[in-house]
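Here's the structure, in structure tokens; my notes come after.
Just follow the structure's listing: the first ligand is 1, and inside any ligand the first atom is 1.
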Amino acid sequence: MTANEVRSGAITEVLNRTGVETAEIRPLSETWATDVFNLDKMEEALSKNAFKAVKKTVQTGEPLDPATADIVAAAMKDWAMGKGAKFFSHVFYPLTNITAEKHDGFIITNADGNAITEFTGSLLIKGEPDGSSFPNGSLRMTNAARGYTAWDPTSPAYIMQTANGATLMIPSVFMSWTGESLDKKIPLLRSNAAMDQAARRVLTLMGETDIAPLNASCGAEQEYFLVDQHFAAARPDLILAGRTLFGAPPAKGQEFDDHYFGAIPERVQIFMQDFEDKLYRLGIPAKTHHNEVAPGQFEIAPYHEAANIAADHQQLLMTVMKKTAAEHGFLCLLHEKPFAGLNGSGKHVNWSVGNATQGNLLDPGTSPEQNLNFLLFCGAVIRGVHKFGPLLRAVIASASNDHRLGANEAPPAILSVYLGDQLEAVFEDIKNGCVSVSSDGGEMDLGLSQILNFKRDPGDRNRTSPFAFTGNRFEFRAVGSSQSVSGPLVAMNTMLADSLNWIADRLEVQLEGGKTHAEAVAVVLKELLEQHGNAIFGGDGYSSDWHEAAVSERGLRNLPTSADALPVFTEPEVVELFESTGVLSAVELNARYEVYAEQYINSIAVEAKLVMELAKTVIYPATLKYASELARTITAAQELDASFDTGQVKVIADNANKLMETVSQLAVEAEKHDFADTEAHMHHCAKAIRPLMEKARVYADTLEAEVDDAVWPLPKYREMLFIK
Ligand code: ADP
Ligand code: MG
């Protein structure tokens, strides 16, 4: 088959679809968490004492004694085997955005050669994958390849059903032989602990006596595209890079705003129901789904959960989504910008912190004492965004998210915080010292008249802010759709811990000096806002005025590319932040920088190779064939009428030559490897390679609009986006 036959064949295949069988959808009561070994299942399976011990571990993270671990392991194995599992696997989250797993059988043989099964506490607690092939940023030499996985009892084990059987999956951390974190879960757990400690300090100073363990919560909205697999199979760029490297804009895009919240195509609806049914079995609380702005783009958002569990569930959701989409004949694209000229995909990370005794500390609530806590926690976030905005930019840096950030539909690469009119006014008053404090009762009055009436949705939504207060939580909107939520959660928890400690230090001084709680809060927040209020911005984050003013007037940093942002991981303030809170050592942090930089460089290298390959072996040959045929046809036509014009041949020749010239330049730049350091190499990718790829695309896309549709080899945007 020639390439263009593949394309026309794909259209025929898609049009001839007989439809997917509707999966049998069962009631929630029959499916919810059936494949999860959660506390309910443990209570059924374990003795009272064993259950008590494991429950304590789950709720507080306290280690489990070896005897109980054996009992839990045996119960877990029985439960899993009852569901058909013969294998188990520690699931872990290496420094890429992927989920990793190594499967082991329960089976062993005894002296008589009979197969028996075994799963001890120590097998449950510790695994040892050959770690050498996971990125480690020089944390381990390959000859010292040991990496350990260790069970995280706070995230429940579950069964993964695949066509070839069921496997018991055990959420785990992943570390080097020397105990350094090689994964995304360890820092998340540590950052939660740091936040818990700092929050506890502040709450204690504020007079709270009963303080339950504090947890960050996360609810992540996931955007994605679906493309029929037949089209995807004929697009090497979609398969290997997850995005289209070429493709002329279709005559109709998203200009009519007719996709957003429109009726979901039936085939997609069937996929979503099947997918969500699978999520429910895994205990993932899928809550909303809808069309997104671009044609072919959708969103799913589960209900929020404790950050550690939400992060594991988010990884699992991405895995199940891709798999289920394939079963329904779709390629699911999690790339941040699969189609040029259309909206990209993000993953809005909704985040708050709270506990069972004080509730959600980012909820303004209605009573003054709670409002004081709220103001302190909210102030702490403002300070964090101001002081560590560049870090927030760094944790969402990737070659793919760079295409989206700062584009005119996505949050800018400058980090500021949106509070809404009402809350912004309150903080403005505090900063200006016009919140009067009554000396006796210890309650603020003025500003409080606004605050006391706080409603849950103060002010409008600001879609142009990268970091927005949305009534009882912050929404980090700049996170990319393919990214793990762990990096952003770690950064937010850690900056919050740092700010809460800063606040606690000052509160201590004020309270010792005899101030009431309300007076002390007013003084501390005034100082905080004088130093950090510059991060508060309620205007249009997309506007060029803001990009200018943010930097020149507010002193905020604009880090447009990952090459600019990733080195932030090695800056002294950031190292100090992570070391002082015990979340990451300087060595662990540097390893992250190295791994993320390498991924950035590698992704761009792969794309550059694909651009050259597609240009030379697909687009140019098709163009040449068409041009010679066109020239022959015109000559024949001119015999009939001399006025037939050869202009189109010239346009095609011109663009084809320029395409090949650009590809040659790209080859030269892509071959360069002698850079002073990683940062220089990244800048080469951002400033030399990327622009040439884009330049090549302009010529190729012009050709797509000139060459006969019948011979164009690659499926077109209008087909991939509109034919389902
Ligand atoms: P919208 O599109 O209006 O921003 P969605 O309903 O799509 O909202 O998603 C909001 C997400 O925020 C959901 O995952 C929801 O569970 C989550 N969320 C709500 N309250 C909190 C909270 N206190 N902490 C963290 N996430 C929250
Ligand atoms: Mg949303």
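Classification of Lys278 and Glu327 as a salt-bridged pair holds, one side-chain N sitting under 4.0 Å from a carboxylate O.
Near Tyr303, meaning under 4.0 Å from one of its heavy atoms, ligand 1 places the atoms 16 (O). Each of the atoms 23 (N) of ligand 1 lies under 4.0 Å from some heavy atom of Asn360.
Annotation: cation-pi geometry not satisfied between Arg26 and Tyr280 (NZ/CZ under 6.0 angstrom from ring centroid, within 45° of ring axis).
The heavy atom nearest to atom 7 (O) of ligand 1, considering only His304, Glu221, Lys287, is found in Glu221. Counting heavy atoms only, Pro302 comes closest to atom 14 (O) of ligand 1 of the residues Ala286, Pro302, Ala301. Comparing Arg473, His348, Gln222, Glu299 against atom 27 (C) of ligand 1, the shortest heavy-atom distance belongs to Arg473.
Classification of the Phe330-Phe271 ring pair by plane angle, with boundaries at 30° and 60°, yields perpendicular. By the 30° and 60° cut-offs, the orientation of the rings of Phe374 relative to Phe469 is tilted. Ring-plane geometry between Phe467 and Phe476 is classed as tilted, the angle between the planes lying from 30 to 60 degrees on a 0 to 90 degree scale.
For the residue pair Thr464 and Gly539, the shortest heavy atom distance occurs at OG1-O, 3.4 Å.
Checked against a 3.5 angstrom limit, the closest N/O atoms of Trp351 and ligand 1 fall outside it. Checking only distances, Asn350 does come within under 3.5 Å of ligand 1, N or O to N or O.
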